[in-house]
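Shown next, in structure tokens, is the structure this report addresses.
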Amino acid sequence: MEKTTMDQDILKILYTEEQIAQRIREMGAQMYEDLKGKNPLFVSVLRGAFIFMADITRACQVKCDVEFIAVSSYGNSTASSGAVQITHDIQQDISGRDLVVVEDILDSGNTLNFLKQYFLTKGAASVSICTLLDKPSRREKAIHADYVGFEVPDEFVVGYGLDYAQKYRNLPYIGVLKPEVYSSKG
């Protein structure tokens, strides 16, 4: 495949499309064993998790509902502000439901810590966290994911739903963005 302008902004590829697909199949099998017989509600954190959400729900193969929540703590920055704001809430009652929050990356932990507490306060029976990427070196909150695709180093990663300033989400792999791409933008 010919390089696109986006590919030229990538320093290195961490996980290929094939590696991601294989890991999602493995995660789906594990989640199926944990969730079979339940009626979980998968909640995708928009926008970054939308691609992962589609793939992990297909890989899991349990009867489930899906919902979407949009939150913001980054804006167009490369670092979390720490203040989480819901910009689009889920649309159904979650009382007594087993939730699986699907996120693209567990970084500072601010967003997922906020969402877990938020959903428990709204009456969820349980809240599991499923993240494609885990970056423990950046953790500010004591939170962990129940299902993790890959652990990543403290580098700015994009692709497969992850973005920088709303770009690069549609790359089929996960790569490290060249620092000059985001440092030149101020």
Once you round to the nearest 0.5 Å, how far does [atom1] of [X] lie from [atom2] of [Y]?
{"X": "Thr57", "Y": "Met31", "atom1": "OG1", "atom2": "CE", "result": "9.0 Å"}
{"X": "Leu41", "Y": "Asp65", "atom1": "CG", "atom2": "CG", "result": "5.5 Å"}
{"X": "Met6", "Y": "Tyr164", "atom1": "CE", "atom2": "OH", "result": "15.5 Å"}
{"X": "Arg138", "Y": "Asp107", "atom1": "CZ", "atom2": "CG", "result": "4.5 Å"}
{"X": "Ile105", "Y": "Leu133", "atom1": "CD1", "atom2": "CG", "result": "5.0 Å"}
{"X": "Leu112", "Y": "Lys116", "atom1": "CG", "atom2": "NZ", "result": "9.5 Å"}

Open item on the list: Quick check: Tyr15 with Tyr173 (ring centres under 6.0 Å apart)?
Closed with: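 So the answer is no for these two rings.
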Is there a side-chain contact between [X] and [Y], using heavy atoms and a 4.5 Å cut-off?
{"X": "Val176", "Y": "Leu14", "result": "yes"}
{"X": "Ile56", "Y": "Cys130", "result": "yes"}
{"X": "Asp98", "Y": "Leu35", "result": "no"}
{"X": "Val158", "Y": "Lys167", "result": "no"}
{"X": "Thr111", "Y": "Glu103", "result": "yes"}
{"X": "Glu67", "Y": "Phe42", "result": "no"}
{"X": "Ile86", "Y": "Ile69", "result": "yes"}
{"X": "Ile20", "Y": "Phe150", "result": "yes"}

Of all heavy-atom pairs between [X] and [Y], which one has the smallest distance, and what is that distance?
{"X": "Asp55", "Y": "Ile24", "answer": "O-CG2, 3.8 Å"}
{"X": "Pro40", "Y": "Val62", "answer": "CG-CG2, 3.8 Å"}
{"X": "Ala124", "Y": "Leu99", "answer": "CB-CD1, 3.9 Å"}
{"X": "Ala145", "Y": "Thr131", "answer": "CB-CG2, 3.6 Å"}
{"X": "Gln92", "Y": "Arg97", "answer": "OE1-NH1, 3.5 Å"}
{"X": "Asp104", "Y": "Gly161", "answer": "OD2-O, 4.2 Å"}

Open item on the list: Can you see whether Gln22 engages Glu18 through a side-chain donor-acceptor pair at a distance of less than 3.5 angstrom?
Closed with: no
Any Lys/Arg nitrogen of [X] or [Y] sitting under 4.0 Å from an Asp/Glu carboxylate oxygen of the other?
{"X": "Lys122", "Y": "Asp89", "result": "yes"}
{"X": "Lys178", "Y": "Asp9", "result": "no"}
{"X": "Lys135", "Y": "Glu155", "result": "no"}
{"X": "Arg139", "Y": "Asp134", "result": "yes"}

Do [X] side-chain atoms and [Y] backbone N/O form a donor-acceptor pair below 3.5 Å?
{"X": "Gln166", "Y": "Asp163", "answer": "no"}
{"X": "Thr87", "Y": "Ala70", "answer": "yes"}
{"X": "Asp154", "Y": "Ser137", "answer": "no"}
{"X": "Gln19", "Y": "Thr16", "answer": "yes"}

- [ ] Begin from the C-alpha positions of Ile94 and Phe119 and carry the test side-chain contact (heavy atoms from CB on, under 4.5 Å) through to its verdict.
- [x] CA-CA 8 Å; Ile94 61 169; Phe119 290 137; 3.7 Å; yes
Task: Worked verdict on Leu171 versus Asp7 for side-chain contact (heavy atoms from CB on, under 4.5 Å) - done: CA-CA 8 Å; Leu171 289 172; Asp7 290 328; 3.6 Å; yes
- [ ] Using the rule that two of Ile, Leu, Val, Met, Phe, Trp, Tyr join whenever any of their side-chain heavy atoms come within less than 4.5 Å, decide whether Val148 and Val157 are in one cluster.
- [x] no
TODO: Show your working on side-chain contact (heavy atoms from CB on, under 4.5 Å) between Val66 and Ser44 and close with a plain yes or no.
DONE: CA-CA 8 Å; Val66 296; Ser44 177; over 6 Å; no
Open item on the list: Using a 6.0 Å cut-off, check whether atom CZ of Arg47 has over 12 heavy atoms from anything other than its own residue.
Closed with: no
Task: Stepwise side-chain contact (heavy atoms from CB on, under 4.5 Å) test for Ile90 and Val43 - done: CA-CA 8 Å; Ile90 60 174; Val43 180; 3.9 Å; yes
Task: Verdict with reasoning, Tyr160 to Asn170, per side-chain hydrogen bond (donor to acceptor under 3.5 Å, both in side chains) - done: CA-CA 6 Å; Tyr160 197 77; Asn170 55 327; over 6 Å; no
